[in-house]
Amino acid sequence: MSKILIRGAKVLGGEPQDVLINGAVIETVGTGLSEEGAEVVEAAGKVLLPGLVDLHTHLREPGREDSETVLTGTRAAASGGYTAVFAMANTFPVADTAGVVEQVYRLGQEHGYCDVQPIGAVTVGLEGKKLAELGAMHESAAGVTVFSDDGKCVHDAVIMRRALEYVKAFGGVVAQHAQEPRLTEGAEMNEGVVSAELGLGGWPAVAEESIIARDVLLAEHVGSRVHICHLSTAGSVEIVRWAKSRGIDVTAEVTPHHLLLTDELVRTYNPVYKVNPPLRTERDVLALREALADGTIDIVATDHAPHPHEDKDCEWAAAAMGMVGLETALSVVQETMVDTGLLTWAGVAERMSFKPAQIGQAKGHGRPVSAGEPANLTLVDTEYRGSVDPAGFASRSRNTPYEGRELPGRVTHTWLRGKATLVDGNLT
């Protein structure tokens, strides 16, 4: 079995330590370690984190392989420091049966750049009318525990209640795309001053907040778990904070782009900034950062949403919504949360590895960097500064809002159960 000695890394941003990997597990953590025959990785000055876990990724396969595949998406994940991703159900066909989720699961196993855990649809065809095969998907080889109609909202309160009741039986969670459809008809960006000046259809904050308020009350009523996808407004933060104060079993995520970008960018009419939920105001961005820091928002999730060139290189109204994010997420979090003093690297590990793994029940992931634990790890050069060049992305798509922008930090190495998937910034 191969041995790897990571020498002098700042584990979770702390004091330098050596980490010895033996096969698929961490054998020893300490100082002054040596091991004859081990491959040595000199990591002085770099931060060692548990492998990142993304609870919200769009891999597009099956059906939209022109945007992304399980192979290209997991290569992008490894490049960004991820060892596990949860693949959303809005594929073609929709992942609403045991057969489709097993297909995605096995593709992840076959390619091996990171673990792929499929998310099952809540309703058949994402149509919001009839519950999908939740139990069958959970009992399948994929072992689905997270269910979401992401891209669409489970807007019918009765259907949402039934889903919450159903997943209780096996400890599952419903992840809600909070968007009241009637309030967002024709919406193209955040409703506010900028949308009024530009004459674009507005996506009001209340369309998100009203669904979150309803769903936390439903979760309390039935005693179930609900997870809020890509929370984006200051008002949503306050509702989740209130719900947690009542003991309601709710968790929430924020995307990197909602921690950094605002609706002022839409003035460029560049479709790369068109996303759902839309970029909000500076006030919202600051509220989201504070909520992530104080734990009201539990995790960072990328909502990696790849699109082919022609779906973004067009007029604003015709453009698809979404941004790629797996390869830039950690850098954005460093800029917005670590370099601002809002989070330590240990806090980043909590929000990008430990907690998402816990919510999604990702076995072997989100574990401490200590002896006997699986060697799912990522090494980060936090001193690096560089401009984002999408031409070098592993993702099949290039729709990043950060092209040409300087961001801090760079993932240099990723290990999945002791096997290097990324070495010196290059995929193996």
Side-chain angles (χ1 to χ4, degrees), residues 6 9-14 17 19 21 24-26 29 47-57 73-74 77-88 105 108-109 112-119 142-146 148 171-173 175 225 227-229 249-256 292-293 295-304 325-326 329-330 333-334 337-338 343-380 411 413-419 421-422:
I6 305 169
K10 295 186 285 187
V11 177
L12 274 61
Q17 291 184 293
V19 176
I21 299 171
V25 301
I26 298 170
V29 178
V47 171
L48 187 67
L49 299 173
L52 306 183
V53 177
D54 189 15
L55 200 65
H56 191 147
T57 300
T74 54
S79 296
Y82 289 89
T83 54
V85 298
F86 283 73
M88 278 295 176
Y105 175 69
Q109 287 188 312
Y113 280 90
C114 76
D115 286 345
V116 175
Q117 179 57 54
I119 291 175
V144 177
T145 59
V146 183
S148 181
V173 61
R225 290 202 299 150
H227 177 76
I228 308 302
C229 294
D249 200 351
V250 56
T251 52
E253 70 188 34
V254 65
T255 71
L292 183 63
T296 300
I297 296 176
D298 300 85
I299 67 170
V300 176
T302 69
D303 192 11
H304 175 80
L326 284 168
L330 192 57
V333 170
Q334 180 178 335
M337 302 300 296
V338 180
L343 279 182
T344 63
W345 282 108
V348 172
E350 174 70 23
R351 290 154 180 81
M352 297 186 75
S353 182
F354 300 144
K355 190 68 175 184
Q358 177 189 342
I359 294 169
Q361 301 177 49
K363 296 176 181 177
H365 295 275
R367 301 295 305 162
V369 181
S370 58
E373 295 289 353
N376 297 319
L377 301 166
T378 187
L379 187 64
V380 188
V411 175
H413 293 71
T414 306
W415 292 274
L416 176 64
R417 287 181 290 277
K419 179 181 179 181
T421 55
L422 187 78

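Since the structure is predicted, the reported quantities are computational estimates derived from the model, not experimental observations. Computed over heavy atoms, backbone and side chain alike; hydrogens, waters and symmetry mates excluded.
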Smallest separation among heavy atoms of [X] and [Y], with atom names:
X      : Y      : answer
Thr302 : Ala329 : CG2-CB, 3.8 Å
Ser353 : Gly51  : OG-O, 2.8 Å
Ala87  : Val116 : CB-CG1, 4.1 Å
Ala142 : Gln117 : O-NE2, 2.8 Å
Val173 : Ile359 : CG1-O, 4.2 Å
Val146 : Gly360 : CG2-CA, 3.9 Å

side-chain hydrogen bond (donor to acceptor under 3.5 Å, both in side chains) involving [X] - partner list, sequence neighbours excluded:
X      : result
Thr83  : His365
Gln109 : Tyr105
Thr378 : none
Thr414 : none

Can you tell me if His304 and Thr57 form a side-chain donor-acceptor pair at under 3.5 Å? no
Short question: side chain of Asn376, backbone of Arg417 - any donor-acceptor pair under 3.5 Å? yes
To the nearest 0.5 Å, what is the distance between CG on Leu416 and CG on Asp115? 5.0 Å
Out of curiosity, Leu12 CG to Thr344 OG1, how far, rounded to the nearest 0.5 Å? 8.0 Å
Decide yes or no for [X] and [Y]: does some side-chain heavy atom of the first lie under 4.5 Å from some side-chain heavy atom of the second?
X      : Y      : result
Ile299 : Thr251 : no
Leu52  : Val411 : no
Arg351 : Asp298 : no

With [X] via side-chain contact (heavy atoms from CB on, under 4.5 Å) - residues at least two apart:
X      : result
Val29  : Gln17, Val19, Ile26
Ala77  : Tyr82, Val85, Cys114, Leu326
Glu350 : Phe354, Lys355
Ala78  : Tyr113, Thr421, Leu427

Under the rule for salt bridge (charged side-chain N to carboxylate O under 4.0 Å, His left out), what residues qualify as partners of Asp303, not counting sequence neighbours? none
Can you list the residues that meet the salt bridge (charged side-chain N to carboxylate O under 4.0 Å, His left out) rule with Arg367, with sequence neighbours excluded? Glu373
List the residues meeting ring-ring contact (aromatic ring centres under 6.0 Å, His included) with His413, not counting sequence neighbours, and say none if there are none. Trp415
For His56, what residues pass the ring-ring contact (aromatic ring centres under 6.0 Å, His included) criterion, not counting sequence neighbours? His58, His230
For Met352, run the side-chain contact (heavy atoms from CB on, under 4.5 Å) check against Leu55, Val300, Leu343 and tell me which one passes. Val300
